[in-house]
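It should be emphasised that the depicted structure is a prediction, and the values quoted were computed from it without experimental measurement. Position 1 is the first residue of the sequence; numbering continues from there. We use all heavy atoms of the structure for the numbers below, so side chains are in, but hydrogens, waters and symmetry mates are not.
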Amino acid sequence: MKRSMILITLMLMCFHANTYAQSDNVASEIVSDYDFSTFTINGLVMAECEYSEQDIITAFGEPDSVEYGEFGYSYNYKCGEVYSSDKGDYARVCDYDAIIVLSGKPKGQILTAYVYDDKYIVNGYVRVGDDKSKMYDMDGDKEEISYDNNGGAIFWRPTGWKDIEFTNCPKFTYDARGVITSIGFWSF
């Protein structure tokens with residue numbers, strides 16, 4: 001009886017150790033399945049490809065307004081009264097869910113994009129409301145800065161953006177708890 005208990009205990013220990021090892025491998029395999037050579041939001045490549053207004057609407061939905069300004073056509077998505085977040089309580093930082101600036105019509109590059117809600121996904125991997133630690137799973141260079149309110153930002157240079165200055169790279173802003181509150185970039 002004692003011998004069978006020892007065998008069962010050893011088998012359970014091996015099973016649990018193997019299970020944990022497999023879950024770590026699965027997590028690293030999952031991250032390696034993503035392409036971090038460029039910057040995408042909802043599948044559209046920022047600052048590299050030309051898109052039409054219909055492409056913007058297909059990827060982001062019907063905008064609340066479209067305004068022509070100094071830098072192009074701004075597609076503005078005002079936030080509703082209810083957050084789309086299942087994660088809950090990240091702080092709303094502006095009156096918009098998203099602002100997308102297209103350089104021209106009928107087609108143009110996305111020159112600026114900011115998202116403030118988790119219904120938008122970057123590179124199919126990270127969203128507003130995720131913990132900032134998720135940024136460090138992504139390939140590419142990172143530069144983190146802290147703000148006085150204990151929040152901060154991480155600038156991320158995708159692997160394909162070798163010569164781009166960090167100020168023109170995607171910026172992931174986070175609050176004092178380390179929760180991402182906005183994602184965007186300014187390519188001017």
Side-chain angles (χ1 to χ4, degrees), residues 26-67 69 71-80 82-87 90 92-94 96-142 153-164 166 168-174 179-188:
V26 168
S28 65
E29 286 175 25
I30 290 171
V31 172
S32 69
D33 290 341
Y34 293 92
D35 177 11
F36 297 120
S37 64
T38 190
F39 176 46
T40 68
I41 301 176
N42 283 13
L44 299 184
V45 179
M46 303 292 118
E48 292 182 26
C49 299
E50 288 199 338
Y51 295 105
S52 68
E53 181 174 72
Q54 188 55 52
D55 294 327
I56 301 297
I57 292 169
T58 299
F60 293 93
E62 194 67 44
D64 292 302
S65 66
V66 178
E67 300 168 7
F71 301 109
Y73 293 88
S74 178
Y75 295 78
N76 303 308
Y77 297 84
K78 291 192 176 198
C79 63
V82 178
Y83 291 82
S84 70
S85 177
D86 293 332
K87 296 178 177 93
Y90 60 86
R92 178 68 65 185
V93 294
C94 99
Y96 293 95
D97 282 343
I99 301 168
I100 311 300
V101 177
L102 196 61
S103 63
K105 282 187 179 185
K107 286 191 167 192
Q109 291 182 336
I110 299 174
L111 298 178
T112 300
Y114 283 91
V115 296
Y116 305 92
D117 193 90
D118 69 352
K119 63 185 155 200
Y120 309 104
I121 189 161
V122 172
N123 287 61
Y125 184 69
V126 67
R127 301 172 184 270
V128 167
D130 286 340
D131 192 272
K132 74 173 187 168
S133 63
K134 199 166 181 182
M135 287 295 310
Y136 287 97
D137 295 339
M138 298 167 61
D139 287 339
D141 299 323
K142 293 148 193 97
I154 300 171
F155 288 90
W156 170 61
R157 183 173 26 232
T159 58
W161 290 20
K162 298 277 185 233
D163 297 326
I164 306 296
F166 273 115
N168 290 329
C169 288
K171 177 181 176 183
F172 296 73
T173 307
Y174 58 86
V179 176
I180 297 171
T181 57
S182 69
I183 302 167
F185 87 114
W186 180 267
S187 67
F188 298 104

Scan residues 102-115 for pairs that pass salt bridge (Lys or Arg N to Asp or Glu O under 4.0 Å), counting only residues two or more places apart or in two chains.
Glu53-Lys105

Which atom names give the shortest non-hydrogen contact between [X] and [Y], and what distance separates them?
X      : Y      : result
Ile100 : Ala113 : CD1-CB, 3.8 Å
Ile180 : Asp131 : CD1-O, 4.1 Å
Pro170 : Pro158 : CD-CD, 4.2 Å
Gln109 : Glu48  : NE2-O, 3.5 Å
Val66  : Pro63  : CG2-CG, 3.7 Å
Asn123 : Asp35  : ND2-O, 2.8 Å

Checking Val122 against Phe39 for the side chain to side chain contact (heavy atoms under 4.5 Å, CB included) test, could you report, in this order, the C-alpha distance in whole Å, the side-chain angles of both residues, the deciding distance, and whether it holds?
CA-CA 7 Å; Val122 172; Phe39 176 46; 3.5 Å; yes

Measure the spacing between [atom1] of [X] and [atom2] of [Y] and express it to the nearest 0.5 Å.
X      : Y      : atom1 : atom2 : answer
Ile183 : Ile41  : CD1   : CD1   : 7.0 Å
Phe172 : Asp130 : CZ    : CG    : 10.0 Å
Trp156 : Met138 : CH2   : CE    : 3.5 Å
Asp64  : Asp97  : CG    : CG    : 8.5 Å
Ile110 : Glu50  : CD1   : CD    : 11.0 Å

Test item: Val126 and Asp137 side chains (from C-beta on) under 4.5 Å apart, heavy atoms:
no

Got a sec, which residues hit side-chain hydrogen bond (donor to acceptor under 3.5 Å, both in side chains) with Asp139, two or more places apart in sequence or on another chain?
none

Using the benzene-type ring in the case of Trp, are the ring centres of Phe60 and Tyr75 under 6.0 Å apart?
no

Okay, side chain of [X], backbone of [Y]: is any donor-acceptor separation there less than 3.5 Å?
X      : Y      : result
Thr159 : Phe36  : yes
Ser182 : Val115 : no
Lys142 : Gly140 : yes
Arg157 : Cys169 : no
Ser74  : Glu67  : no
Asn168 : Phe185 : no

Excluding sequence neighbours, so at least two apart, what forms ring pair (Phe, Tyr, Trp, His ring centres under 6.0 Å) with [X]?
X      : value
Tyr51  : none
Tyr174 : none
Tyr114 : none

Restricting to salt bridge (Lys or Arg N to Asp or Glu O under 4.0 Å), what partner residues turn up for Lys132, sequence neighbours left out?
Glu144

Under a 3.5 Å threshold, yes or no: a donor from one side chain and an acceptor from the other, between Asp55 and Thr58?
no

Is there a donor in the side chain of Asp117 and an acceptor in the side chain of Tyr77, or the other way round, less than 3.5 Å apart?
no

Evaluate the salt bridge (charged side-chain N to carboxylate O under 4.0 Å, His left out) criterion for residues Asp118 and Arg127: first the C-alpha distance (whole Å), next the side-chain angles of each, then the deciding distance (0.1 Å), finally the verdict.
CA-CA 5 Å; Asp118 69 352; Arg127 301 172 184 270; 5.9 Å; no

